[in-house]
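To keep things clear, I will list the structure first and then write my remarks on it.
Treat the numbers as computed from the prediction; the structure is a model and nothing was measured.
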Amino acid sequence: MNIDIEKVRGLCDASRNQQIYVDDIIIEKGAINQLPDILQKKYGQYKNIAMVCDDNTYQAAGKKVEELVPGITTIKLDPNGLHADEHGVGAMEKAMEDHKDVDFLIACGSGTVHDITRYYAYNNHLQFLSIPTAASVDGFVSTVAAMTWHGFKKSFTAVSPCFVLADSEIFSKAPSRLTASGVGDLIGKFTSICDWKISHAVTGEYISMPVVEWEQDILKALIDNLDGIGSGDFEAYENLMYGLLLSGLAMQMIGNSRPASGAEHHCSHLWEMATINEPIDFYHGEKVGVGLCMVSAVYKKALAKIKSGNYTVKDHMDVETDFIKKYFKESLVDSILEENTPNNMADINGDLLKSKEAEIIAILEELPSSEQIIGWMNKVHAFTKITDLTLPESLRPLTLKLSPYVRQRLTFMRLLKFYDFYDEIIGE
C-alpha cells in the first residue's frame with residue numbers, strides 16, 4: 001500500500017506555494033529490507049549515517065537497521081521520561097557530540113523520536129529517513145516539531161523526512177496502546193475539520209476543500225477498518241498508517257497543522273503544559289482522543305441551542321486576560337498572552353455570527369455525535385474519558401474554557417464564548 005506522491009503533489013495550489021517535501025513513502029510488509037537499496041540509489045552521496053532510536057525501538061527495528069546498514073552509528077536514547085522537549089533534544093545533542101561527521105539521519109521510532117530527530121536535523125541542516133515503529137501519530141512527515149519547551153507547548157520549524165519506510169511487520173506488532181493512540185490522533189480530525197470549516201465560514205480564513213475532502217475520505221476508511229484493527233488484521237494496520245501519513249501530508253501541503261489540529265488538540269496541549277493539572281505521562285493520541293470526545297459533545301449541545309433560535313450573542317469578545325493570569329502558571333502567562341496577540345476574534349461580532357447561523361448549523365450537523373465517536377474508539381480500547389488520563393472530571397469544564405488560548409487558532413470552542421448558553425453547555 002504505497003502513497004502516490006505525484007497524485008498528492010497534484011493537489012497542491014501553486015499560487016500558494018504549496019509543496020510536498022517527501023520523495024516517496026512505502027507502506028508494506030518487509031519494507032525495511034529495501035533500506036540499503038534506497039540509501040544507495042537515492043541518497044548515495046551521504047557517507048556517515050546515524051540512526052536515532054530508543055531502547056524499545058532499537059529492539060523493534062533498530063537491530064535490523066544495523067544489520068542492513070553495516071557501520072551505521074546508533075544513537076540510542078533512554079525511553080524513560082523521554083519526551084519531545086528541551087531535555088529530549090539535549091540528550092540527542094549530547095549523544096551527537098562525538099559524531100560531528102554525520103551527514104544523514106534515520107529516525108527509527110514513534111512520535112517522540114521523530115520530533116527530536118526532525119528538530120535536530122533542521123538545526124544542523126541534515127536530511128533524515130523515517131522508519132515508524134508504531135502507527136501512533138500523524139506527525140511522521142510533519143514539517144514542524146511539536147515540543148513542550150520549558151513548560152510551554154509550541155511548534156518549531158523543522159524538516160520533514162525525505163523518505164518513509166513503514167514496515168507493517170514492525171508497526172503491527174507495536175503495543176496496542178500505541179496503535180489506539182494513532183486512532184485517537186486520526187479520528188480527532190472530525191473536530192479539527194469542523195473548526196476549520198467554521199472559521200472559514202465566519203472569517204474567510206483560507207481553506208483547501210481538496211484537503212478537506214481528502215481528510216474526510218481518510219476518516220471514512222479509518223471507521224471502516226476499526227474492527228480489523230481491534231482484531232489484529234494486517235491490512236487494517238496498514239490502512240491506519242496510510243491515513244496517518246496522508247494526514248501528515250495534508251499538513252505539509254497547507255504549511256501548518258490546521259487540517260489536523262483544532263480544539264481537541266488544544267485540550268491535549270493544555271494538559272501537557274500541566275498548568276491546571278499535575279504532569280501526566282500519556283501518549284499524544286490518547287490525550288487528543290479524550291479531547292475529541294469532550295469537544296464533540298459540547299459542539300452537539302451548541303448545535304441544539306443554535307437550532308432552537310432562542311439565544312443571544314455578545315457584540316465582542318476580548319481575550320480573557322484576568323482568566324489567563326488566574327490559571328496559567330506565572331512562567332507561562334507572558335507566552336500565552338503573546339500567543340493571543342492580536343485577538344483572533346477582534347473582527348467578529350454578534351451580528352456576523354447570527355448571519356452565519358445556517359452555515360454553522362450545516363457544518364455542526366456533519367459532525368458525528370460523541371456517542372458515535374466513543375463507540376468507534378471503544379473498538380480499539382482507546383481512551384475516551386478525562387479520568388482515563390488520571391485527571392479528575394472536575395477539570396473538564398476548565399479545560400474546555402482555558403484550552404482555546406493555548407494557540408492563536410480560531411476554533412468553534414473559542415467562538416462559543418460569544419454565546420449566552422456558553423456556561424450551560426460547557427458545565428461548571
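- Scanning all heavy atoms of the two residues, the minimum distance from Cys267 to Leu400 falls at SG-CD2, 4.2 Å.
- Without hydrogens or angle criteria, Arg396 side chain to Ile426 main chain gives a donor-acceptor distance under 3.5 Å.
- Note on Lys301 versus Glu424: no salt bridge recorded, every NZ/NE/NH1/NH2 to OD/OE distance being 4.0 Å or above.
- Tyr327 is not listed as a side-chain neighbour of Lys401, based on a closest heavy-atom distance of 4.5 Å or more.
- The ring pair (Phe, Tyr, Trp, His ring centres under 6.0 Å) test applied to Tyr419 returns Tyr311, Phe421, not counting sequence neighbours.
- For the pair Asp23/Cys162, a side-chain contact is recorded, criterion being any heavy-atom separation below 4.5 Å from C-beta on.
- The pair Glu393-Lys385 does not meet the salt-bridge criterion, since no charged nitrogen lies less than 4.0 angstrom from a carboxylate oxygen.
- Between Pro259 and Val212 there is no side-chain heavy-atom pair separated by less than 4.5 Å.
- Annotation: side chain to side chain donor-acceptor pair (under 3.5 Å) contacts of Asp420 (sequence neighbours excluded): Thr312.
- Under the 3.5 Å distance criterion, the side-chain polar atoms of Asn124 are left unmatched by any main-chain donor or acceptor of Leu126.
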Take Ser247 and Asp138 through the test side chain to side chain donor-acceptor pair (under 3.5 Å) and record every step on the way to the result. CA-CA 6 Å; Ser247 179; Asp138 68 352; 3.0 Å; yes
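- One finds a salt bridge joining Glu365 and Lys307 here, because a Lys/Arg side-chain nitrogen approaches an Asp/Glu carboxylate oxygen to under 4.0 Å.
- Contact annotation: the side chain of Leu352 approaches that of Asn349 to within less than 4.5 Å [non-hydrogen atoms, C-beta and beyond].
- Here the closest non-hydrogen pair linking Pro132 and Leu165 is CD-O, 3.3 Å.
- Side-chain contact between Phe234 and Ser168: present, with at least one pair of heavy atoms (C-beta onward) separated by less than 4.5 Å.
- Using a 4.0 Å cut-off between charged nitrogen and carboxylate oxygen, Lys354 and Asp351 do not count as a salt-bridge pair.
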Side chain to side chain donor-acceptor pair (under 3.5 Å), that's the test. Do Arg414 and Asn340 meet it? Break it down for me. CA-CA 12 Å; Arg414 186 153 176 176; Asn340 288 278; 2.8 Å; yes
All N/O donor-acceptor pairs, side-chain side in residues 88-98, below 3.5 Å, sequence neighbours left out:
none

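- For the pair Cys293 and Thr384, the tightest heavy-atom approach, listed with the atom from each and the gap, is CB-O, 3.5 Å.
- Here OG1 of Thr57 is found 9.5 Å from NE2 of His114. Values are rounded to the nearest 0.5 Å.
- Residue Cys194 comes nearest to Leu364 through the heavy atom pair SG-CD2, 3.8 Å, listed as atom of the first residue, atom of the second, then distance.
- With sequence neighbours excluded, the residues satisfying side chain to side chain donor-acceptor pair (under 3.5 Å) with Arg258 are Ser199, Glu205.
- Residues Asp185 and Lys189 share a closest heavy-atom pair of O-NZ, 2.7 Å.
- Within the 4.5 Å cutoff, side-chain heavy atoms of Val211 are placed close to those of Ile254.
- Qualifying ring pair (Phe, Tyr, Trp, His ring centres under 6.0 Å) partners for Tyr120, counting only residues two or more places apart in sequence or in other chains: none.
- For Glu339, there are no side chain to side chain donor-acceptor pair (under 3.5 Å) partners at least two apart in sequence or on another chain.
- The CG atom of Leu245 lies 5.0 Å from the CD1 atom of Ile27; values are rounded to the nearest 0.5 Å.
- When the side chain to side chain donor-acceptor pair (under 3.5 Å) test is applied to His266, no partner is found at least two apart in sequence or on another chain.
- Looking at residues two or more places apart in sequence or on another chain, you find no ring pair (Phe, Tyr, Trp, His ring centres under 6.0 Å) involving Phe163.
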CA sep, side-chain torsions, deciding dist, call: Phe383, Phe282, ring-ring contact (aromatic ring centres under 6.0 Å, His included): CA-CA 10 Å; Phe383 287 8; Phe282 291 92; 5.8 Å; yes
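- Between the side chains of Glu264 and Thr191, a donor-acceptor pair is found at a separation under 3.5 Å.
- For Tyr242, the ring pair (Phe, Tyr, Trp, His ring centres under 6.0 Å) criterion is met by no residue, not counting sequence neighbours.
- The pair Lys325-Glu330 fails the salt-bridge criterion, with no side-chain N (NZ, NE, NH1 or NH2) lying under 4.0 Å from an Asp/Glu carboxylate O.
- Side chain of Glu286 to main chain of Leu389: no donor-acceptor pair is present (N/O by atom type, distance under 3.5 Å, no hydrogens or angles).
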Evaluation steps, ring-ring contact (aromatic ring centres under 6.0 Å, His included), between Trp196 and Phe412: CA-CA 9 Å; Trp196 198 11; Phe412 187 54; over 10 Å; no
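- Shown here for Asn56 and Asp54, the closest heavy-atom pair between the two residues is N-OD1, 2.8 Å.
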N/O donor to acceptor pairs below 3.5 angstrom from side-chain atoms of residues 218-232, sequence neighbours left out:
{"residue": "Lys220", "atom": "NZ", "partner": "Asp224", "partner atom": "OD2", "Å": "3.0"}
{"residue": "Asn225", "atom": "ND2", "partner": "Ala221", "partner atom": "O", "Å": "2.7"}
{"residue": "Asn225", "atom": "ND2", "partner": "Asn239", "partner atom": "OD1", "Å": "3.4"}
{"residue": "Asp227", "atom": "OD1", "partner": "Lys379", "partner atom": "NZ", "Å": "3.3"}
{"residue": "Ser231", "atom": "OG", "partner": "Asp227", "partner atom": "O", "Å": "3.1"}
{"residue": "Ser231", "atom": "OG", "partner": "Gly228", "partner atom": "O", "Å": "3.2"}

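- The shortest side-chain heavy-atom distance between Val164 and Ile131 does not fall under the 4.5 Å cut-off.
- Sorted by first then second residue, the side-chain hydrogen bond (donor to acceptor under 3.5 Å, both in side chains) pairs that include residues 206-215, not counting sequence neighbours, are Gln18-Tyr206.
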Evaluate side chain to side chain contact (heavy atoms under 4.5 Å, CB included) for Ile348 paired with Leu353, printing each intermediate quantity in order. CA-CA 7 Å; Ile348 301 171; Leu353 287 175; 4.0 Å; yes
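- A distance of 9.0 Å separates CD of Gln372 from CG of Leu367, quoted to the nearest 0.5 Å.
- When side chains are defined from C-beta on, Glu238 counts as touching Phe171, because their heavy atoms get closer than 4.5 Å.
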Taking only distance into account, with no hydrogens and no angle test, what donor-acceptor pairs under 3.5 Å do side-chain atoms of residues 139-159 form with protein atoms, sequence neighbours excluded?
{"residue": "Ser142", "atom": "OG", "partner": "Val144", "partner atom": "N", "Å": "3.0"}
{"residue": "Ser142", "atom": "OG", "partner": "Val144", "partner atom": "O", "Å": "2.9"}
{"residue": "Lys153", "atom": "NZ", "partner": "Glu272", "partner atom": "OE1", "Å": "2.9"}

